[in-house]
Novice: 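My questions all concern the structure below.
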Amino acid sequence: MHELQKEWAQWKYFVMARSQREYLAIRQLFSGNHWSEEKREQFYLHLNIVKKMPIDLKAQKNAYEHVWGYFKKVAAPEEKQQFFIFLNQMTEIEDNALPYLKALAQKYQMDYLLTSHLFD
């Protein structure tokens, strides 16, 4: 189960950026630390569904705000302002917030975020 928890951590924000429903369903699989082969199969089933889903702008902005939470105590006020400008300007076609979050993750060495599939 530990390996699957690590894998879930890498996919968490990717999933959150596409479907709150799928995010909650996968999170539920990991609750209680009771694991089975059936839950493992369900995890990969949900993950494969999400990988085929289009971007949901509202879900994506929500996920980015969650990622921003890692920076709120370390980022400069100008960085915060720039992030929220990018976030508010986001469209399905234009997304400057994601590369900005990745740059901040690199700058502040947020290893947990740098392994996230959100940045793939």
Novice: Rounded at 0.5 Å granularity, tell me how far CD in Q106 sits from CG in L113.
Specialist: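 Here the rounded value is 11.0 Å.
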Novice: Do E38 and F43 have side chains that approach each other closer than 4.5 Å (heavy atoms only, starting at C-beta)?
Specialist: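 No. Closest side-chain heavy atoms not under 4.5 Å.
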Novice: How long is the span from the CD atom in Q42 to the CG atom in L47, to the nearest 0.5 Å?
Specialist: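 If we round to the nearest 0.5 Å, Q42:CD and L47:CG are 13.0 Å apart.
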Novice: Is R40 close enough and on-axis enough to Y44, meaning under 6.0 Å and within 45°, for cation-pi?
Specialist: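 Ring-cation test returns no.
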Novice: Can you name the nearest heavy-atom pair linking M90 to A97, along with the distance?
Specialist: SD-CB, 3.9 Å
Novice: Between W35 and L29, what is the shortest heavy-atom contact and its length?
Specialist: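 For W35 and L29, the tightest heavy-atom pair comes out as CZ3-O, 3.2 Å.
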Novice: Can you tell if the side chain of E92 reaches within under 4.5 Å of the side chain of I55, non-hydrogen atoms only?
Specialist: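 They are not in contact (no side-chain heavy atoms under 4.5 Å apart), so the answer is no.
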Novice: If every non-hydrogen atom of K102 is compared with every non-hydrogen atom of L114, which pair is closest and at what distance?
Specialist: O-CD2, 4.3 Å
Novice: Is it true that, when you exclude Q81 itself, more than 12 heavy atoms of the residues, nucleotides or ligands shown sit nearer than 6.0 Å to its CD?
Specialist: no
Novice: Within the 4.5 Å heavy-atom criterion, are E22 and M16 side-chain neighbours or not?
Specialist: no
Novice: Start with the C-alpha gap between Q89 and I85, add the side-chain angles, then the distance that decides, and say whether side chain to side chain contact (heavy atoms under 4.5 Å, CB included) holds.
Specialist: CA-CA 6 Å; Q89 292 175 342; I85 288 170; 3.6 Å; yes
Novice: Is there a side-chain contact between L101 and F119 in this structure, where contact means two heavy atoms from C-beta onward sitting under 4.5 Å apart?
Specialist: yes
Novice: Applying side chain to side chain contact (heavy atoms under 4.5 Å, CB included) to Q10 and S116, what does each step give before you reach the verdict?
Specialist: CA-CA 4 Å; Q10 293 173 330; S116 174; 5.9 Å; no
Novice: Look at atom CD of E37 and say whether more than 12 heavy atoms of other residues, nucleotides or ligands are closer to it than 6.0 Å.
Specialist: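 It does: E37 CD has more than 12 such atoms within range.
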Novice: Do E79 and K107 come within less than 4.5 Å of each other through their side chains, counting heavy atoms only?
Specialist: yes
Novice: Below 4.5 Å, heavy atoms only, C-beta onward: do K39 and F30 meet side chain to side chain?
Specialist: no
Novice: Can you find a pair of side-chain heavy atoms, one from W68 and one from F84, that are under 4.5 Å apart?
Specialist: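 Heavy-atom side-chain distance check passes, below 4.5 Å.
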Novice: Does a donor on one side chain and an acceptor on the other come within less than 3.5 Å for Y23 and Q28?
Specialist: no
Novice: Can you label the angle between the W11 ring and the F14 ring as parallel, tilted or perpendicular, going by 30° and 60°?
Specialist: perpendicular
Novice: Look up atom CZ in R21 and atom NE2 in H46, then write down how far apart they are to the nearest 0.5 Å.
Specialist: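 R21 atom CZ to H46 atom NE2 measures 8.5 Å (nearest 0.5 Å).
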Novice: What is the distance from atom CG of L98 to atom CG of L87, rounded to the nearest 0.5 Å?
Specialist: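 L98 atom CG to L87 atom CG measures 11.5 Å (nearest 0.5 Å).
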Novice: Between S19 and A59, what is the shortest heavy-atom contact and its length?
Specialist: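 It is N-CB, 4.4 Å.
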Novice: Do Y13 and Q60 have side-chain heavy atoms sitting under 4.5 Å apart?
Specialist: no
Novice: Looking at every non-hydrogen atom in both residues, tell me the closest pair between V15 and W8 and how far apart they are.
Specialist: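 Scanning both residues, the minimum pair turns out to be CG2-CZ3, 3.9 Å.
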Novice: With ring-ring contact (aromatic ring centres under 6.0 Å, His included) as the test, pick out the partner of Y100 among F83, F71, F86.
Specialist: F86
Novice: Once you round to the nearest 0.5 Å, how far does CD1 of I26 lie from CD1 of I49?
Specialist: 8.5 Å
Novice: Mind listing the closest non-hydrogen atom pair of K58 and D56 along with its distance?
Specialist: N-OD1, 3.0 Å
Novice: Is the NZ atom of K72 crowded by more than 12 outside heavy atoms at less than 6.0 Å?
Specialist: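 No.
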Novice: Using distance alone, with no hydrogens and no angle criterion, decide if E94 and N96 have a side-chain donor and acceptor under 3.5 Å apart.
Specialist: yes
